[in-house]
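This report refers to the structure that appears directly beneath it.
Values below: all heavy atoms of this structure, side chains included; hydrogens, waters and symmetry mates excluded. Chain identifiers are assigned alphabetically (A, B, ...) following the order of the sequence lines, protein sequences preceding nucleic acid strands; residue numbering begins at 1 within each chain.
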Amino acid sequence: MSQGPELIITEKDNAARRIAEILSGGSAESERRRGVNVYTWGGRRCIGLSGHVVGVDFPPEYDDWRDVEPVELIDAPIDKRPTQENIVSVLRLLARKAGRVVIATDYDREGELIGKEAYELVREVNDDVRIDRVRFSSITEREVKSAFENPDDLDFDLAAAGEARQIVDLVWGAALTRFLSLSARQLGDDFISVGRVQGPTLKLIVDREREIEAFDPEDYWELFADLAKRGGGADGTFEAQYFYCDDDGTEAERVTEEDAASEAYETLEAAATATVESVRRRTRTDDPPAPFNTTQFIRAAGSLGYSAQRAMSIAEDLYTAGYVTYPRTDNTVYPDDLDPRELLDAFVGTRQFGDDADALLEQDDIDPTEGDEETTDHPPIHPTGELPGAADLDDDEWEVYELVVRRFFATVAEPATWEHLRVVATVGADEGADLSLKANGKRLVEPGYHAVYPYSSASESFVPDVAEGEALAITDTSFEAKQTQPPRRYGQSRLIETMEDLGVGTKSTRHNVIQKLYDRGYIESDPPRPTRLARAVVEASEEFAERIVSEEMTAQLEADMQAITRGDADLEDVTTESREMLSEVFEGLMESGEAVGDHLRESLKADRTVGACPECGSDLVIRQSRQGSYFIGCDAYPECTNTLPLPSTGKPLLLEETCAEHGLAHVKMLAGRKTFVHGCPLCQAEAADAQADRVIGTCPDCGVGAASETPRDGGGGGAEAGGELAIKQLRSGSRLVGCTRYPECEYSLPLPRRGEIEVTDAACEEHDLPELRVVYDDDREPWDLGCPICNYREYQAEQGGGSELESVTGIGEKTAEKLQDAGIDDVSSLKEAEPDAVADRVDGVGPDTVREWQAKAD
DNA sequence: GCAAGGTC
C-alpha cells in the first residue's frame with residue numbers, strides 16, 4: 001500500500017467544500033486546478049465531481065445518421081467517455097498519488113453509479129489503492145463523521161442497476177429517434193425525438209387534448225337567490241343556491257331538464273320570503289402545508305407565475321449563493337438536526353420577516369409538519385438562515401426566496417381555524433311547492449399559518465347569523481343557463497405532479513423534460529397544447545412502439561433495476577431482454593416506415609400552414625430563407641410567388657386563433673422574454689400599406705445640410721441628397737424612423753412595436769427633430785420616448801453597457817462581472833490572458849472555456 | 001445532431 005494522501009470524492013463541489021470543512025474542523029484550504037476546486041488539509045484532499053463525469057454513447061462510426069440503419073443501434077457497442085475533461089484529469093492526477101480513496105457521492109442509486117464511475121477512473125491510474133465508500137443522508141457533522149468512521153464498500157449491484165437504465169434509455173431513445181427523424185426526412189436541428197420519459201409525458205398532454213376534443217357539453221341550469229335578514233340592511237344580504245336531492249339521496253345543484261328548472265324558478269321568483277329550516281355551525285381546522293420538495297416548490301412558484309424551468313433556475317441560483325438548501329429533493333420531512341427555533345432566530349430583527357419570526361417563536365412548542373415522502377439524500381427545500389442583503393437579489397429572486405422562507409414559516413406555524421356556517425332555507429312550503437336553498441359561509445377564526453403564508457387562499461364568504469324558523473326576504477333571483485366544461489389542460493406544475501405520481505422522470509429532470517417538449521416543437525403556449533407533430537409522434541408510437549409512450553416502461557425498468565440491486569438479475573439479463581423487445585418493435589416499424597414518415601410530414605406541414613393563399617388558393621406556409629429569416633410563402637411556388645414578411649426577431653409559432661377577415665392563423669413570435677403576438681400577417685401588411693410615412697425632419701445622413709457626424713453608418717448617397725426622416729410602418733410589423741430615400745439611404749432608428757406613436761410639439765435642439773410619445777390603448781401611462789436619435793443612443797448605451805465582451809463571447813452578464821473582477825474588462829485583455837490563470841481566478845470557469853472565448857474573439 | 005441522469 002502506498003503512503004500518499006487520502007482522496008475524498010463527492011458528487012458536487014458544494015458537498016466537497018462542506019465535507020472538507022467538517023472533517024478538517026475548518027482548516028481546509030482551497031486551491032483551483034484547471035478550474036476545479038481541491039480542498040486540502042492534513043493528509044487529506046477532497047474533490048467534487050459535477051454529477052456524471054463520464055457518459056455512455058455509441059462509438060464514432062455510428063455517428064452518421066444516414067450511414068447507419070437505426071436498427072443497427074440495437075446491438076451496437078456502447079462506450080463510456082469522459083464528458084467533463086477537466087474534472088476527470090484532475091481526478092486522475094490526484095488518484096495516482098493517493099494512499100486511500102473514499103467515495104462520498106450522494107446516497108442514492110445515481111450517486112452509487114457516479115461513485116462507480118469515479119472508482120473506475122481511479123483504478124485506471126492506481127490499481128492497488130484501497131477504495132472505500134461512505135454513506136450519509138445529510139451533510140451534518142454528526143452524520144459525516146460517523147460515516148467516515150464506518151466506511152463500507154461500493155455497491156456494484158446498485159451501480160449496475162443505474163447502468164442498465166443508461167443503456168436501455170440510450171438504445172431505445174437513439175434508435176427510435178433516428179428512425180422517426182429519417183422516415184420524416186427531418187434531420188439537422190429539427191429531428192423528431194422520443195424517449196422513455198418524454199414519451200409518456202407527451203402522451204399525457206395529447207390524451208388530455210383528445211378528451212377535450214371528444215368532449216360533448218351538456219346543458220344544465222342553476223338557480224340563485226339573494227336573501228336578506230330583516231333589519232340587517234345591505235350587510236345582511238347573502239347569496240343562496242337552489243338544490244335538491246337526487247334519486248340516490250345525494251345533494252345536487254345542477255338541473256339537467258330545462259322544464260324542471262323553469263318550473264322551480266317560477267316558484268322561486270314568485271316567493272317573497274324564504275324560511276330558515278336549519279342552521280349548522282362547524283369548526284374546521286386547516287393544517288399548514290408540508291415542507292417543500294421540488295415538485296411542490298415548482299407548483300407554488302407556478303401560482304406566482306413562474307414556469308417550472310424558471311422556478312428551478314432561480315432556486316439553483318439561490319442555492320449556489322447559499323440562501324436556500326439544495327432544490328432537487330423528494331423529501332418532505334425535515335431532518336432531526338434541523339432546529340426550527342434556531343432557524344427562526346436567524347430572521348429575528350429583519351425588516352421583511354422579523355415580526356413573523358417573533359410571532360412564531362412565541363409559540364409554546366414548535367412541531368414542523370411532515371409530508372408523506374421521507375428520503376435520506378437531501379432535506380426539504382428551506383432557507384439556510386444566511387440572509388441575502390437588499391442588493392443581492394433581483395425582484396424575481398427575492399420573490400422566490402420569500403416563498404421559500406414563508407413556506408418554512410408555514411410548516412412550523414399553527415393550524416388555522418375556520419368557522420363554517422351552513423344555512424338551509426325553504427321557499428313556497430305553504431303553497432305545497434317545496435324548494436330548498438342553501439348558503440355556505442366561511443370565516444377565518446384563527447389565521448394560524450395563513451398569517452405568515454399568504455400564498456394559499458384564505459378568502460371568507462359571508463353568511464349572517466340567522467335562527468331556525470326566521471323569515472328571510474328574497475331580494476333578487478337569477479336563472480343561469482350553463483354547460484358542462486371539458487377537462488382542463490395540464491398546467492406545467494400539474495404535469496410535473498402527475499409525472500411524479502406515475503414515477504416518470506426524477507426531481508432533477510422533470511422540469512427539463514417539459515422544456516424539451518417546448519424546444520422540440522411538441523407543445524406550445526402555457527398551459528401547454530400539443531402540436532400536430534406531437535399527435536403524429538404519439539399516434540405512430542402507439543401503433544408501433546407503445547412502450548415508449550407508456551409509463552409502463554419506467555415501471556418495468558424500475559422493477560428490473562430492483563432485481564439487479566437485489567442480485568436476482570444482472571445487467572446483461574435486463575439489457576438483453578430489452579434489446580429483444582426493441583427488435584420486435586422494429587419489425588413492425590420497418591414494414592410501415594413509409595406510412596409513418598408520410599404522416600409525420602403531413603403533420604409538420606400542418607403545423608406550418610397559415611391558411612389559404614388569397615392569390616391562388618394553395619396553402620400559405622412558414623418558410624425560412626437561406627439567411628435563416630422566416631417568411632410566409634405560397635406552397636405553389638414558383639407558380640405563385642405570393643409572400644408575406646414576418647418580424648425579424650424570434651421563431652414564428654402559429655396560434656389556433658384565426659383572422660376573421662382573412663382566415664389566416666395568427667402568428668406569435670417566440671423570443672424568450674421578448675415573445676410577442678404578431679397577429680394576422682396579412683392584416684399587418686395591409687396596415688403598413690395603408691399607413692403613409694410621416695415626415696418629421698431631415699435625414700442626418702443625406703438630408704439637406706446633413707451634419708457629417710452621424711450616430712450610425714448609413715448607406716446613403718452622401719449629404720445634400722435631400723433625404724427626409726419619416727416614421728414608417730413596415731409590412732413585417734416593425735416600426736422605425738427611417739430615410740425617405742430608402743433603399744439608397746439606409747439610415748434608420750428602431751421604434752417600439754406597441755402603442756400609437758404621436759409626434760409632439762416639443763423638439764430636440766441637438767438633432768432638430770420633434771419629440772415622440774407612445775400612447776397605449778390600455779390603462780398604461782404614455783411613454784415619452786423623446787427625440788428618436790437621443791432615444792436610440794440611450795438604448796444602445798444600455799444594451800452595450802460595457803459589453804463588447806458579452807456579445808463577442810456570448811457570456812452572460814454575471815460571468816462578465818466576474819471576469820471584470822479578475823481584471824478582464826474588454827476583448828483585448830481577454831485575448832492576452834493566460835487561460836489557466838483566468839480559470840484559477842474565476843469561479844466556475846475552466847481553462848478550456850477561456851480558450852473557447854478566445855477563439856470566438858479572434 | 002439521438003435518451004435520461006447527474007450538475008452549473
Side-chain angles (χ1 to χ4, degrees), chain A residues 10-16 35-37 48-58 60 62-68 70 72-74 76 78 83-84 86-87 105-106 108-118 159 161-182 186-201 312-321 326-328 377-378 499 504-513 515-516 519-520 548 553-554 557-558 561 578 582 811-812 814-815 818 842-846 849:
Chain A
T10 69
E11 189 153 322
K12 46 191 166 282
D13 175 59
N14 207 289
V36 184
N37 291 327
L49 307 176
S50 181
H52 292 287
V53 293
V54 296
V56 290
D57 209 346
F58 300 109
Y62 290 85
D63 279 356
D64 193 329
W65 292 32
R66 275 159 304 197
D67 257 14
V68 180
E72 290 178 52
L73 294 178
I74 300 176
I78 291 174
T83 49
Q84 305 271 359
N86 280 355
I87 296 176
T105 48
D106 285 1
D108 53 24
R109 182 165 56 217
E110 217 62 36
E112 207 70 16
L113 176 53
I114 291 165
K116 192 205 162 198
E117 289 160 3
E163 285 184 285
R165 179 201 56 71
Q166 288 185 316
I167 293 166
V168 169
D169 281 340
L170 174 64
V171 172
W172 280 74
L176 289 173
T177 294
R178 285 198 195 178
F179 183 89
L180 293 183
S181 304
L182 282 162
Q186 281 285 290
L187 301 177
D189 289 343
D190 292 324
F191 59 87
I192 296 173
S193 81
V194 282
R196 176 180 55 85
V197 172
Q198 50 171 305
T201 307
M312 282 308 284
S313 150
I314 294 175
E316 279 156 17
D317 288 345
L318 293 172
Y319 160 71
T320 311
Y326 195 62
R328 296 184 274 260
D377 45 358
H378 300 286
M499 290 170 76
V504 165
T506 73
K507 58 197 189 255
S508 316
T509 57
R510 290 185 196 112
H511 60 278
N512 294 25
V513 170
Q515 189 57 44
K516 194 185 268 181
D519 295 344
R520 296 279 155 86
I548 206 74
M553 184 162 171
T554 293
L557 188 60
E558 189 60 42
M561 286 194 287
S578 175
L582 183 57
I811 60 173
K814 287 188 180 169
T815 314
K818 287 191 208 168
V842 184
D843 253 11
V845 170
T849 313

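- Of the listed nucleotides (B/dG6, B/dC2, B/dG1), B/dG6 has the atom at the smallest distance from the side chain of A/E110.
- Closest contact between the side chain of A/Q84 and the listed nucleotides B/dC2, B/dA4, B/dG6 involves B/dG6.
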Side chain to side chain contact (heavy atoms under 4.5 Å, CB included), that's the test. Do A/L557 and A/R165 meet it? Break it down for me. CA-CA 7 Å; A/L557 188 60; A/R165 179 201 56 71; 3.8 Å; yes
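- Contact check for A/D67 versus A/Y62: no side-chain heavy atoms found under the 4.5 Å cut-off.
- Considering only side-chain atoms of A/Y319, the nucleotide from B/dG1, B/dC8, B/dA3 that sits closest is B/dC8.
- Residue contacts for A/Q166: at a heavy-atom cut-off of 4.0 Å it reaches a base atom on one of the strands shown.
- Distances were taken from every side-chain heavy atom of A/F58 (C-beta onward) to each of B/dA3, B/dC2, B/dC8; the shortest belongs to B/dC2.
- Comparing B/dG6, B/dA4, B/dC2 by their nearest atom to the side chain of A/F191 picks out B/dC2.
- Between A/Y62 and A/S508, it is A/Y62 whose nearest contact on DNA chain B lies nearer the 5' terminus.
- Put simply, CG on A/N86 is 15 Å from C1' on B/dT7, counting in whole angstrom units.
- Listed candidates were B/dT7, B/dG1, B/dG5. Nearest to the side chain of A/T509 is B/dG5.
- Comparing A/V194 and A/D13 against DNA chain B, the residue whose closest nucleotide sits nearer the 5' end is A/V194.
- When the options A/R328, A/K12, A/K507 are evaluated for a salt bridge (Lys or Arg N to Asp or Glu O under 4.0 Å) with A/D106, the one that passes is A/K12.
- You'll find that the side chain of A/V56 is closest to B/dA3, out of B/dA3, B/dG1, B/dG5.
- Distance from the side chain of A/R196 is smallest for B/dA4 among the nucleotides B/dA4, B/dG6, B/dT7.
- Side chain of A/T506, nearest nucleotide from B/dA3, B/dC8, B/dG6: B/dG6.
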